[in-house]
Visitor: 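Quick one: the structure is below, questions incoming.
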Amino acid sequence: MEVRRSARRHRTVTAYRDGDTLVVLIPAKMTRKEEEHWVAEMQRKLQRTETKRASPARASDEALLLRCAELSARYLDNTVTPASVRWVRPMRTRWASCTPVDRTIRVSERLRDVPSWVLDYVLVHELAHLRVAGHDAEFWRLVRKYPRTERAIGYLEGLSAAAGWGLTDTDD
């Protein structure tokens, strides 16, 4: 944990994660007792936020498969069922991939830390490939049943650009 005091900050307290480090920004004039209170409060607040964001699908390959079943039922009329879904080492050019012939989906480990709605979008994208192999209008009609599609695409583009990975949303 790192506490940063700022003379320009007068009332607000902010916290964020920088890798594994919790950074708390506080006013320079804050007492040590106030600092202790706000550091503890911001830790609790950040923990609650991270818990809400975390997808249970991150736990295992089985959890990913279960999440795919939920997403297929909700957005794809329960018409697609993968044979397997698994986490794989980070891919060089993709977030995930699908092999329609054997109905398998592979998800890059890079997605373990994204918000749950982003992971859900990637899973819906790959599930749609079990019905439509390419990226034609029918494919995108299926994918856009997921309400946060555009937002998730923007998130992934920003993440890729910021990290310099050069990953794309498309998998062809």
Side-chain angles (χ1 to χ4, degrees), residues 14-23 42-43 45-172:
T14 306
Y16 63 92
R17 289 226 185 266
D18 185 8
D20 290 334
T21 304
L22 171 65
V23 179
M42 296 312 278
Q43 279 180 311
K45 189 174 184 178
L46 201 56
Q47 181 64 41
R48 278 193 312 266
T49 301
E50 289 171 345
T51 300
K52 283 182 188 175
R53 288 179 70 195
S55 171
R58 294 180 182 153
S60 65
D61 293 349
E62 293 77 24
L64 269 178
L65 186 60
L66 180 61
R67 186 61 182 156
C68 281
E70 294 168 359
L71 294 168
S72 176
R74 184 177 297 164
Y75 301 109
L76 302 171
D77 303 321
N78 217 17
T79 58
V80 292
T81 306
S84 71
V85 185
R86 63 188 174 95
W87 291 104
V88 296
R89 290 185 13 217
M91 300 176 184
R92 290 179 193 229
T93 60
R94 301 176 184 175
W95 295 110
S97 64
C98 172
T99 306
V101 173
D102 62 8
R103 306 184 72 70
T104 59
I105 296 173
R106 290 155 309 284
V107 181
S108 174
E109 288 275 350
R110 287 187 169 120
L111 294 175
R112 280 202 189 257
D113 294 325
V114 300
S116 59
W117 54 271
V118 175
L119 179 57
D120 283 354
Y121 157 73
V122 171
L123 294 174
V124 168
H125 181 110
E126 298 308 325
L127 287 168
H129 278 308
L130 295 178
R131 284 197 29 206
V132 180
H135 290 98
D136 62 13
E138 174 62 11
F139 169 83
W140 285 109
R141 186 189 67 74
L142 290 171
V143 172
R144 287 197 171 91
K145 287 183 176 184
Y146 180 67
R148 292 184 169 180
T149 292
E150 296 306 319
R151 186 174 175 199
I153 290 170
Y155 183 99
L156 292 170
E157 287 174 350
L159 180 61
S160 179
W165 291 333
L167 298 175
T168 63
D169 179 55
T170 59
D171 39 14
D172 51 6

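Reckoned from all heavy atoms, side chains included, excluding hydrogens, waters and symmetry mates.
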Visitor: Hey, is D77 close enough to K145 for a salt bridge, meaning N to O under 4.0 Å?
Guide: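 The answer is yes: the pair qualifies as a salt bridge.
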Visitor: Rounded at 0.5 Å granularity, tell me how far CH2 in W95 sits from CG in L123.
Guide: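 The CG atom of L123 is 13.5 Å from CH2 of W95, to the nearest 0.5 Å.
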Visitor: Grab the two heavy atoms, one from P90 and one from S108, that are nearest each other, plus how far apart they are.
Guide: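 Shortest heavy-atom contact: CA-OG, 3.4 Å.
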Visitor: Less than 4.5 Å apart, any side-chain heavy atom of R67 and any of D120?
Guide: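 The answer is yes; the side chains approach within 4.5 Å.
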Visitor: At their closest point, which heavy atom of A133 faces which heavy atom of H129, and how far apart are they?
Guide: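 That closest heavy-atom pairing would be O-ND1, 2.9 Å.
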Visitor: Rounded to the nearest 0.5 Å, how far apart are CE of M42 and NZ of K45?
Guide: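 If we round to the nearest 0.5 Å, M42:CE and K45:NZ are 5.0 Å apart.
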Visitor: Below 30° counts as parallel, above 60° as perpendicular, anything between as tilted: where do the rings of H125 and H135 land?
Guide: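 Plane angle between 30° and 60°, so tilted.
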Visitor: Can I105 and L64 be said to form a side chain to side chain contact (heavy atoms under 4.5 Å, CB included), step by step?
Guide: CA-CA 10 Å; I105 296 173; L64 269 178; over 6 Å; no
Visitor: State, without any angle test, whether R131 and T79 hold a side-chain donor-acceptor pair at a distance under 3.5 Å.
Guide: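 Present: a donor and an acceptor within the cut-off.
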Visitor: Roughly how far apart are L130 CG and R103 CZ, rounded to 0.5 Å?
Guide: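 Those atoms lie 5.0 Å apart.
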Visitor: Donor-acceptor pair, T99 side chain versus D102 backbone, under 3.5 Å?
Guide: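 No, T99 side chain to D102 backbone: no donor-acceptor pair under 3.5 Å.
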Visitor: Any side-chain heavy-atom pair from L156 and Y121 closer than 4.5 angstrom?
Guide: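 Answer yes - side chains close enough.
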Visitor: Please check this pair: side chain of R106 against backbone of V85, looking for a donor-acceptor N/O pair closer than 3.5 Å.
Guide: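 Checked: no pair found.
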Visitor: Do W165 and L159 come close enough that some side-chain heavy atom pair is under 4.5 Å?
Guide: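 In contact.
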Visitor: Strictly below 4.0 Å, N to O, side chains only: are E150 and R144 in salt-bridge contact?
Guide: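 Salt bridge present between E150 and R144.
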Visitor: Please find the pair of heavy atoms, one from A128 and one from L142, that lie closest to each other, and give the distance.
Guide: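 In terms of heavy atoms, the two residues are closest at CB-CB, 4.2 Å.
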Visitor: Y146 and L76: side chain to side chain contact (heavy atoms under 4.5 Å, CB included), yes or no, with the steps?
Guide: CA-CA 9 Å; Y146 180 67; L76 302 171; over 6 Å; no
Visitor: Pair V107, R86 - check side chain to side chain contact (heavy atoms under 4.5 Å, CB included), show working.
Guide: CA-CA 6 Å; V107 181; R86 63 188 174 95; over 6 Å; no
Visitor: Identify, with sequence neighbours excluded, every residue that meets salt bridge (charged side-chain N to carboxylate O under 4.0 Å, His left out) alongside E62.
Guide: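 Scan of E62 (salt bridge (charged side-chain N to carboxylate O under 4.0 Å, His left out), adjacent residues dropped) gives none.
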Visitor: Under 3.5 Å, side chain of S72 to main-chain N/O of V80, donor-acceptor pair present?
Guide: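 Checked: pair present.
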Visitor: Taking M91's backbone N and O only, do any of them form a donor-acceptor pair with R110's side chain (distance below 3.5 Å, no angle check)?
Guide: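 It does hold such a pair.
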Visitor: Using atom types as modelled and distance alone, determine if a side-chain donor or acceptor of D61 lies under 3.5 Å from a backbone N or O of W87.
Guide: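 Answer holds: yes.
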Visitor: Please assess V143 against L127 for the test side chain to side chain contact (heavy atoms under 4.5 Å, CB included), listing each intermediate value before the final yes or no.
Guide: CA-CA 9 Å; V143 172; L127 287 168; over 6 Å; no
Visitor: Parallel, tilted or perpendicular: which one describes the rings of W117 and Y155, with boundaries at 30° and 60°?
Guide: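 Answer is perpendicular, since the angle exceeds 60°.
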